[in-house]
Amino acid sequence: MKNKVAVHWFRQDLRVKDNPSLNYLSKKYENIIGLFVFDDVNRDPRLGSASKVWLCESLKHLNEQLNGNLILLKGDPQECLEEILNFFDVEEVSWNRCYEPWVIKRDKKIKSNISEKIKVSSFNGSLLWEPWEILKDDNTPYKVFTPFYKRGCLSKKAPRNPETSKINFFNHNFRSTNICDLQLLQNKEWESQTLKIWQVGEAQAEKIMKNFLEEGIKDYSDGRNFPKKKNVSRLSPFLHWGQISPNTIWYALSKVNDVGEENIEVFKSELGWREFAYYLNYHFPYLQKENLKKNFDNFKWKNDEISFQRWTKGETGIPIVDAGMRELYQTGYMHNRSRMIVGSFLVKNLLIHWKKGEEWFWDCLFDADAASNSASWQWIAGTGTDSTPYFRIFNPVTQGQKFDPEGQYIKKFVPELNDMPIKYLFSPWECPENIQNEINFKLGVNYPNPIVDLKESRKRALLTYEILRRENSK
DNA sequence: CCTGGAGTTGTCCTA
DNA sequence: TTAGGACAACTCCAG
């Protein structure tokens, strides 16, 4: 079987290590062609701005890993594949699966079309457990995380062990689009600014993981709640694009010693939440667009564009919320604790539809992931199958005091409040005028008044839910 | 089919 | 100051 050419179609698996499709092909074929298609035809929704930046950087790295032999094309993958099949003497095409509804639909069609002339194989390169393999005894999908994870996943077979093969990428003379011609970048200041704290690529993913396992995992269970601490992995963008496999992380965790079983288990369960999001998106393909809990369909969301804009800019006048939103805009990332706080604030205090928040995150996050993003927004909004109960409304003042006790996170992203005494840092609207004068600060000038009263808006949210409940019981 | 226990991440009030 | 219970009811899940 040697000396034949096979095509590996890269999608959300931009890595060479532990890549099941590549492993499979490399055992059968001497020469492998690596293809990436920027599909701007079928994609739903379109890539967010941050994702485009990440992808652009990633493709540069991947091309280097392939010694410049990555074939980069733009358009409809079906047509691109046909072109390659006509040019080379291709024996087999293979890829790792994606799980978004639109991709499943697209790939199914492509597979049935080209498998008439050529062998096509697909693999699991991005999940620890296939969504269709985890079902309850009655063969229906789980809706609650804990039984899904513990009984559904952990008691099933262990995840695939990571494996890396030696791969020969074919030195070809086929056309390849210049990365710049994909028009992923708009030469905006924002693009280079956000990238500053990141280095993209497979090698970097491994480095970050190693560093996290040495430094961050130690106090993960507790420390992950504090935005200023270095206890979160920040591997999410790499996981999304497959620059590291969850399997690699899963088994690397098992080899870590002396950091406490609890920390390891909690981090593993976070990988479990990622699985759960993909699982929900697979079994409930409307996850991205509609409430999982249908009884929320009549909820009276507010159409408040002005408040929404101020939320996106981090100008709500609530320090911890603004810090989170500015972290997002400035770094393409937001700490998990802040995500919950700003999410709760948008959906409950402002009564703005979770979909609006989901879309903003989609555009700004380097780790923008359709399944995780939608599932998490539905969780915080209370519209998900297994979500926070509606009466649980985060108090951003308390949250700040608890999880940013010294205010370092707030001050980093909201430097206007640098001199604010800690007593008023989380609620500057309570700072008396004489103290404001002392620190040369004026509320409403140097930093905005809060756009809503926290107590009032909390009451209003509870009332709105109460109305929904009554409407539904009619 | 029935039944009982459980459900990521909170807040507020009260004693 | 602090710990404990209420918050509201439902659906999910497993025996």
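Within every chain, numbering begins at 1; the chains are lettered A, B, ... in the order of the sequence lines, protein sequences first and strands thereafter.
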Asks: Using side-chain contact (heavy atoms from CB on, under 4.5 Å) as the criterion, point out the one residue from A:Glu265, A:Glu270, A:Glu262 that pairs with A:Tyr220.
Replies: A:Glu270

Asks: What does the list of N/O pairs under 3.5 Å between the protein and nucleotides 1-6 of chain C look like, with a distance for each?
Replies:
none

Asks: In whole Å, measure the gap between the P atoms of B:dT14 and C:dA8 for me.
Replies: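 Result for the P pair: 14 Å, nearest Å.
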
Asks: Each nucleotide in nucleotides 7-15 of chain C should get exactly one letter: B, S or -. Can you fill that in based on protein heavy atoms under 4.0 Å?
Replies: BBS--SSSS

Asks: Assign A:Leu462 to base, sugar-phosphate, or nothing according to its heavy-atom contacts below 4.0 angstrom with the strands shown.
Replies: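 Here A:Leu462 touches no strand at all.
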
Asks: Could you tell me whether A:Trp132 and A:Tyr282 have their ring centroids closer than 6.0 angstrom?
Replies: yes

Asks: Please, which pairs that meet salt bridge (charged side-chain N to carboxylate O under 4.0 Å, His left out) have at least one residue in residues 359-375 of chain A, sequence neighbours excluded?
Replies: A:Arg339-A:Asp367

Asks: Please report whether the ring centroid of A:Phe299 lies less than 6.0 Å from that of A:Tyr390.
Replies: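 No - the distance between ring centres of A:Tyr390 and A:Phe299 does not fall below the 6.0 Å cut-off.
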
Asks: Would you please name every residue forming a side-chain hydrogen bond (donor to acceptor under 3.5 Å, both in side chains) with A:Asn349, sequence neighbours left out?
Replies: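 For A:Asn349, the residues satisfying side-chain hydrogen bond (donor to acceptor under 3.5 Å, both in side chains) (neighbours in sequence not counted) are A:Ser457.
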
Asks: Below 4.0 Å from chain A heavy atoms, what is the first contacting nucleotide of DNA chain B and what is the last?
Replies: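 Taking any atom under 4.0 Å from a heavy atom of chain A, the span is B:dG7 to B:dC12.
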
Asks: Salt-bridge test for A:Lys228 and A:Glu406: reply yes if a basic N is under 4.0 Å from a carboxylate O, no otherwise.
Replies: no

Asks: Give me the distance, rounded to whole Å, that separates C:dC12 from B:dC1 when you measure between the C1' atoms they each carry.
Replies: 16 Å

Asks: May I ask you to decide whether A:Arg469 forms a salt bridge with A:Glu466, counting only side-chain N to carboxylate O separations under 4.0 Å?
Replies: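 Yes, this pair counts.
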
Asks: Identify whether the distance between the nearest side-chain nitrogen and carboxylate oxygen of A:Arg97 and A:Glu130 falls below 4.0 Å.
Replies: yes

Asks: Kindly assign one of parallel, tilted or perpendicular to the pair A:Tyr149 and A:Phe145, based on the angle between their ring planes and the thresholds 30° and 60°.
Replies: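 Parallel.
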
Asks: Could you tell me whether A:Trp354 and A:Trp301 have their ring centroids closer than 6.0 angstrom?
Replies: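 Distance test on ring centres: not under 6.0 Å, no.
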
Asks: Can you tell me, in whole Å, how much space there is between the P of C:dA9 and that of B:dG10?
Replies: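 Their P atoms lie roughly 23 Å apart.
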
Asks: Considering every strand and a 4.0 Å limit on heavy-atom distances, what is the contact class for A:Asn336: base, sugar-phosphate, or nothing?
Replies: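 If one applies the 4.0 Å heavy-atom cut-off, A:Asn336 turns out to touch a base.
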
Asks: Can you establish whether the number of heavy atoms outside A:Lys156 located under 6.0 Å from its atom NZ is more than 12?
Replies: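 More than 12 within 6.0 Å, yes.
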
Asks: Does a salt bridge link A:Glu214 with A:Lys218, judged by any charged N lying under 4.0 Å from a carboxylate O?
Replies: no

Asks: In which stems does DNA chain B show up, taking only runs of three or more Watson-Crick or G-U wobble pairs whose two distances fall under 3.5 Å?
Replies: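 Stems for DNA chain B, defined as runs of 3 or more consecutive pairs: B:2-7 with C:10-15, B:10-15 with C:2-7.
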
Asks: Does A:Arg337 qualify as a cation-pi partner of A:Phe403, given the criterion of NZ or CZ under 6.0 Å from the six-membered ring centre and within 45 degrees of its axis?
Replies: yes

Asks: Could you tell me how far B:dC12 sits from C:dC10 if I compare only their C1' atoms? Round to whole Å.
Replies: 23 Å

